[in-house]
Each structure stands twice: as structure tokens, then as C-alpha cells.
Participant: 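Questions regarding the structure given below will be posed in turn.
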Protein chains: 2
Amino acid sequence: MTTEAEADLDLALRALADGNRRAILQVIRSAPQPVGTIAEQVGLSQQTASHHLGVLRKAGLAVGTREGTRHLFAVDTDGLAAVRSYLDDFWPAKLAALKTVIEARQEGPRG
Amino acid sequence: MTTEAEADLDLALRALADGNRRAILQVIRSAPQPVGTIAEQVGLSQQTASHHLGVLRKAGLAVGTREGTRHLFAVDTDGLAAVRSYLDDFWPAKLAALKTVIEARQEGPRG
DNA sequence: AGCTAACACAAACGAAGGTTTGTACTCACG
DNA sequence: CGTGAGTACAAACCTTCGTTTGTGTTAGCT
């Protein structure tokens, strides 16, 4: 369904809208890290970091792995791919839109 | 400063986080349209649409052109490019190449 | 089994953002 | 200049979201 992709895109975009979550992604960008380390790196409490990790997880932007008592989180490219392909859809259209702007100005106020 | 690009990215990401604004981008994706038409297309009031258009404009996602009493809005790729390059930074080189392959397969014949 | 560490879940609080309502401004027209 | 169409700005209201606080759950250790 197209609606499913829409919902996934919406989750990913809303997750990326927060600076703390982007900071978390930066922290786990190179290597997966436990929640405690992530919280310390971004200057958040354990609970808040865990919350944001959950948001990122549901958005398909992060994946978690059980490592004993720790929970290692890493970047998931699934959600990022959804956003990327969404953005890419605007590139070819932009050229056409730009052309239409010029045409619209040439047409004048009345159609 | 890197903070400047960060601020631009933040604006674009927060602007894209709203479904109505994404709907507006879809409306003006193919051709620039006046505020009244956009509002009608997405099912919003003129004031609300104007507000979102302002958000998209400040985020570098939309550009407006004065057309007499009308104000034509079109998609601006500046903000989208900022988001795109940000996302690309998360992909390890190997995965980025893989992603490009997938995109190429989607455009080409059946694979 | 008891204890400790690491993490997740849930409710409450506060702030940020979207919608509505009202109004002022600009441009086209006579 | 006065009128009407189209749009932007501002304040009030309400919803959403991030943070805090408190607590439950799982795993490792003695």
C-alpha cells in the first residue's frame, strides 16, 4: 500500500525533526552503543534517551540489539532510505516547476 | 560555522515533519500555484495555508513569486538538498552504493 | 535466591507548534 | 480615491510532543 510508505515516511520525518534525536544518530553513526553511553554523550537522562531511541526505532532509523544487560543501538538505513527516495522525487519535478513559473508569468493576470 | 547549516537543516526537517506541509509540497510539485488554490487542494483555510507556506519558505523548501494580487509558490530544492546531504552522511560508503543500485533498478527495466 | 546494574514503560508537567478568528495590507479596476 | 480580490500578520485556543519522575523488568553476579 502507498499509505504504508506514507506512514513510515511520516514517522521518520517526525523523528528527524528533533535535534536530540539527530544527535543520538550522530553518536551511534560510527558504532553501535548502549543507552547509557548515548545518554551521556548527548547530555540526556537515561529515560529520555531511551524514549528517543524508541521513537527512532519505530521510525526505522535505529535498530537495537540485546547485549546481556545492555541494549546496543545502531543506525538503521531503512527509514533514511524512505526519506531519501521521497526527497529524490522532487528533483526532476523542480525543473518542470521552474519552467512553469516562467510560463505563468508570461501568461499574464487573466487566463 | 557549522551551526548555520545545522539551523537550516533543523528548519527543513521540522518543516517536513508536518503532513499538511508535505501535502502542500505535493500540490506545488509539478506546477507553482497561488495560495488560494493550494489551500483548496489540501483542504485548509487560506490563513493556515499561508502560514505553512511561510514555514516552507523560511525552511528553503518553497519559493514565492508575486503575480499581481496573487502569490505563486513553487518547490525550492535548496532545503531539500540540505536534508539529502545530511542523510547521505549516515550511509556507510558500501550501503550508499547499494542504495544507488536499487534506485537504478527501479528506474530501469524489470530486474 | 537475593542483590545490583541497565534499560523500558507509564503518567504528569511544561513548552512548542498548528488551527482558528480577526484584521491590515497590496494590487487591479473604474 | 473607493471597492473588491488575494494574501500576510497577530493573538487566542487547543493539540502534540519532549522532559521529568517514578516504577517495573531482565540479566549478571555472589
Side-chain angles (χ1 to χ4, degrees), chain A residues 7 9-28 32-59 61-74 76 79 101 104-111, chain B residues 6-7 9-28 31-59 61-74 79:
Chain A
L9 177 70
D10 185 67
L11 285 174
L13 248 15
R14 275 174 14 199
L16 288 172
D18 185 58
N20 284 330
R21 284 195 285 263
R22 292 199 300 273
I24 289 178
L25 287 177
Q26 291 288 358
V27 169
I28 64 178
Q33 294 181 11
V35 179
T37 304
I38 296 171
E40 189 180 354
Q41 290 286 328
V42 299
L44 293 176
S45 66
Q46 178 269 316
Q47 291 90 335
T48 303
S50 179
H51 169 68
H52 288 310
L53 255 352
V55 174
L56 290 171
R57 187 179 204 170
K58 290 173 184 171
L61 296 170
V63 285
T65 318
R66 226 29 212 252
E67 182 71 27
T69 165
R70 294 187 187 86
H71 205 159
L72 298 178
F73 278 91
D76 184 10
V101 167
R105 294 186 57 163
Q106 288 173 349
E107 282 178 4
R110 294 287 285 256
Chain B
E6 257 277 344
L9 176 70
D10 185 67
L11 284 175
L13 248 15
R14 278 178 8 202
L16 289 172
D18 185 58
N20 286 329
R21 282 195 287 262
R22 290 199 301 273
I24 288 177
L25 288 177
Q26 291 288 357
V27 169
I28 64 177
Q33 293 181 15
V35 178
T37 304
I38 296 171
E40 189 180 352
Q41 290 286 328
V42 299
L44 293 176
S45 66
Q46 177 270 316
Q47 291 90 334
T48 303
S50 179
H51 169 69
H52 287 310
L53 254 351
V55 174
L56 290 171
R57 187 179 203 171
K58 290 173 185 171
L61 295 171
V63 284
T65 318
R66 215 49 200 244
E67 181 69 27
T69 165
R70 296 186 187 86
H71 206 161
L72 299 178
F73 278 91

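No experiment lies behind these values; they were computed from the predicted model shown. Both backbone and side-chain heavy atoms feed into the values below; hydrogens, waters and symmetry mates do not. Letters go in sequence order (proteins before strands), and every chain restarts at 1.
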Participant: Closest to the Thr69(B) side chain: dG6(D), dA6(C), dA8(D)?
Facilitator: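 Nucleotide nearest to Thr69(B)'s side chain: dG6(D).
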Participant: Which residue, Gly68(A) or Ala17(A), contacts DNA chain D at a nucleotide closer to its 5' end, judged by nearest heavy atom?
Facilitator: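 That would be Ala17(A).
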Participant: Please report the shortest heavy-atom distance between Ala17(A) and Leu13(B), naming the atom on each side.
Facilitator: CB-O, 3.9 Å
Participant: Under 4.0 Å between a side-chain N or O of Ser50(B) and OP1 or OP2 of dC9(D)?
Facilitator: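 Indeed not, no polar side-chain atom of Ser50(B) lies that close.
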Participant: Considering non-hydrogen atoms only, spot the tightest contact between His52(B) and Asp18(B) and give its length.
Facilitator: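 In this case the closest contact between His52(B) and Asp18(B) is CE1-OD2, 3.7 Å.
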Participant: Taking the axis from the first five pairs and the axis from the last five, what angle separates them in the helix from dA1(C)-dT30(D) to dG30(C)-dC1(D), rounded to 10 degrees?
Facilitator: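 Here the helix ends are tilted 30° relative to one another.
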Participant: Looking at Arg57(A) and His71(A), what are the two nearest heavy atoms and their distance?
Facilitator: NH1-CE1, 3.6 Å
Participant: May I ask you to evaluate whether Arg21(B) reaches the phosphate of dG18(C), defined as a side-chain N or O under 4.0 Å from OP1 or OP2?
Facilitator: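 The answer is yes; a side-chain N or O of Arg21(B) sits under 4.0 Å from OP1 or OP2.
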Participant: Could a donor-acceptor pair under 3.5 angstrom be found where the side chain of Gln46(A) meets the base of dA8(C)?
Facilitator: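 Counting by modelled atom types and ignoring angles, a donor-acceptor contact under 3.5 Å is found here.
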Participant: How close or far is atom P of dA15(C) from atom CG of Asn20(A), stated in whole angstroms?
Facilitator: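 That distance rounds to 16 Å.
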Participant: So which heavy atom on Ala15(B) is nearest to which on Val55(B), and how close?
Facilitator: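 Taking every non-hydrogen atom into account, CB-CG1, 4.0 Å.
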Participant: Provide, to the nearest angstrom, the distance between the CG atom belonging to Asp10(A) and the P atom belonging to dG18(C).
Facilitator: 12 Å
Participant: Ile24(A) CD1 to dT19(D) C1': how many Å, rounded?
Facilitator: 13 Å
Participant: Main chain of Leu16(A), side chain of Arg22(A): is a donor-acceptor contact present, judged purely on distance under 3.5 Å?
Facilitator: yes
Participant: Does a nitrogen or oxygen in the side chain of His51(B) sit under 4.0 Å from OP1 or OP2 of dA8(D)?
Facilitator: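 The answer is no; no side-chain N or O of His51(B) sits under 4.0 Å from OP1 or OP2.
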Participant: Show me the side-chain donor-acceptor pairs of residues 35-49 of chain A shorter than 3.5 Å, one per line, residues at least two apart or across chains.
Facilitator:
{"unit_1": "Ser45(A)", "atom_1": "OG", "unit_2": "Thr48(A)", "atom_2": "N", "d": "3.3"}
{"unit_1": "Ser45(A)", "atom_1": "OG", "unit_2": "Thr48(A)", "atom_2": "OG1", "d": "2.8"}

Participant: Between dA8(C), dT19(C), dT20(D), which nucleotide gets closest to the side-chain atoms of Thr48(B)?
Facilitator: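 Nearest to the side chain of Thr48(B) among the choices is dT19(C).
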Participant: Give the rounded distance in Å between these two atoms: CZ of Arg14(B) and C1' of dG18(C).
Facilitator: 13 Å
Participant: What is the distance, to the nearest angstrom, from the CG atom on Leu53(B) to the P atom on dA8(D)?
Facilitator: 7 Å
Participant: Take Ala15(A) and Phe73(B), find for each the nucleotide of DNA chain D with the closest heavy atom, and name the residue whose nucleotide sits nearer the 5' end.
Facilitator: Phe73(B)
Participant: Rounded to whole angstroms, how far apart are NZ on Lys58(B) and C1' on dC9(D)?
Facilitator: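 Atom NZ in Lys58(B) sits about 10 Å away from atom C1' in dC9(D).
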Participant: Using whole Å, report how far NE2 of His52(A) lies from P of dC17(D).
Facilitator: 13 Å
Participant: Could you tell me the separation between the CD atom of Gln47(A) and the C1' atom of dC17(D), rounded to a whole number of Å?
Facilitator: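 From Gln47(A) CD to dC17(D) C1': 18 Å.
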Participant: Ignoring hydrogens, what is the shortest heavy-atom contact between Phe73(A) and Ala62(A)? Give both atom names and the distance.
Facilitator: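 Heavy atoms only, the tightest pair is CD2-CB, 4.4 Å.
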